[in-house]
Amino acid sequence: MTSHTSTSLAEAQKILNQAKSENWRVPSKMIMVTPDHFRVDYAINPYMTDTNGKLQVIKRDLASAQWRDLKTKFEDLGVAVSCIEGDPSMPDMVFAANQSFVFWHNQEPNVLLSRMRSPHRRMEVPHFESWYRANNYKVHTFESSDIFFEGNGDGILDPKHRLVWGGIGPRSNQQAYREMSKRFDLPIITLPLVCADFYHLDTCFSILSPDIVAIQTRAFSQESLKIIGARFPTVIEIDYEENLHFFAANCHVINHKNVVLQKGASQFVKALTRASLSVHEVETSEYLKSGGSVFCMKMMAF
Ligand code: ARG
């Protein structure tokens, strides 16, 4: 099989022209990881230290309450949530978007396990692997040790086509997408992340409906902005400060209608309302201290 990955506008245009237009089956259930062992024990992104360079301190009870409220919000919006137990030695495991990449392939649910960049987080992956095996997924792994990939944090399904958007940056690399594209015959449009504040694609790119995407322009090159503009008729540009402080792009949308996001991104909320989307604000302050919010606190599954 051939590989279809691109970073140039011409190659991306070719991928978009060939992309199958039938709707791709995308997962609608959810996995979350219980938050009892969530802490900040090390710093692997710019948010995990405070302005004095000290590790952030998590208010444990508040973190648990915020996690419970988020889960309840998802359930109230009709999503079935399964939980994996956190592990005391894995303080970041609650960020469930990063350990795996779920996709529909050969008429069955498939999962590709991440090769996480930080050694602190690699041991989270087997916990997810057990869940997928118990739930009859076809499980795939990367063999090569020079591949890095952080799952749904960087690999985002495009529901309108059988197409994936892949962030390349501090966590995932081009080699990963080349291999994924070849092995699963997946067209992948890669987007280099050019600003250190936006270290996963899900911190700066959110597909809200088949034709609407929300992005943080500073995270992307001019070429990538043109590619995004060529695919989506509506591109909502998120204010830089709102994205930085409230992780606006790290929202999650249910059924192309209900957008769940951290409270406080007022300009973004107005833009969502103008686009006829319903807004559900939640509080994830403790998780922002670790560089994550709504989108990365769950994994979509079949
Ligand atoms: N502290 C975690 C890390 O740096 C946060 C992960 C947030 N996940 C995300 N997809 N943005 O890995």
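Just so you know, ligand 1 is whichever comes first in the structure, and atom 1 is the first atom listed for that ligand. All values reported here derive from a predicted model rather than from experimental measurement.
In this structure, Phe302 and Tyr137 have tilted ring planes: the angle between them lies in the 30° to 60° band.
Looking at Asn98 against ligand 1, only its side chain comes within 4.0 Å, counting heavy atoms. Contact annotation: for Arg121 versus ligand 1, heavy atoms closer than 4.0 Å belong to the side chain alone. With a 4.0 Å cut-off on non-hydrogen atoms, Tyr199 touches ligand 1 through its side chain and not its backbone.
Note: Trp165 and Phe232 meet the aromatic proximity criterion, with ring centroids under 6.0 Å apart. A ring-centre distance under 6.0 Å is found for Phe247 and Tyr47. A ring-centre distance under 6.0 Å is found for Phe38 and Tyr287.
With a 4.5 Å cut-off on side-chain heavy atoms, Trp104 and Pro109 count as touching. Side-chain contact between Leu193 and Tyr199: absent, with no pair of heavy atoms (C-beta onward) separated by less than 4.5 Å.
Counting only non-hydrogen atoms, the option in Val94, Asp92, Ile44, Thr203 that gets closest to atom 2 (C) of ligand 1 is Asp92.
Taking distance alone, with nitrogen or oxygen atoms compared against 3.5 Å, Asn250 stays at or beyond that limit from ligand 1. No N or O atom of Glu150 sits closer than 3.5 Å to an N or O atom of ligand 1.
Counting atoms of ligand 1 from 1 in the listed order, those under 4.0 Å from a heavy atom of Arg171 are 3 (C), 4 (O), 12 (O). Below 4.0 Å from some heavy atom of Ser290 lie the following atoms of ligand 1, by number and element: 1 (N), 2 (C), 5 (C). The Met48 neighbourhood of ligand 1 comprises atoms 1 (N), with distances under 4.0 Å to a heavy atom of that residue. In the vicinity of Cys296, heavy-atom distances shorter than 4.0 Å reach the ligand 1 atoms 7 (C), 8 (N), 9 (C), 10 (N), 11 (N).
Remark: of the listed residues Gln175, Lys182, Arg183, Arg183 is the sole one forming a side-chain hydrogen bond (donor to acceptor under 3.5 Å, both in side chains) with Glu179.
Distance from atom 10 (N) of ligand 1 to its nearest protein heavy atom, with residue and atom name: Asp202 OD2, 2.6 Å.
Cation-pi geometry between Lys270 and Phe268 is not met: the NZ or CZ atom fails to fall both under 6.0 Å from the ring centre and inside 45° of the normal.
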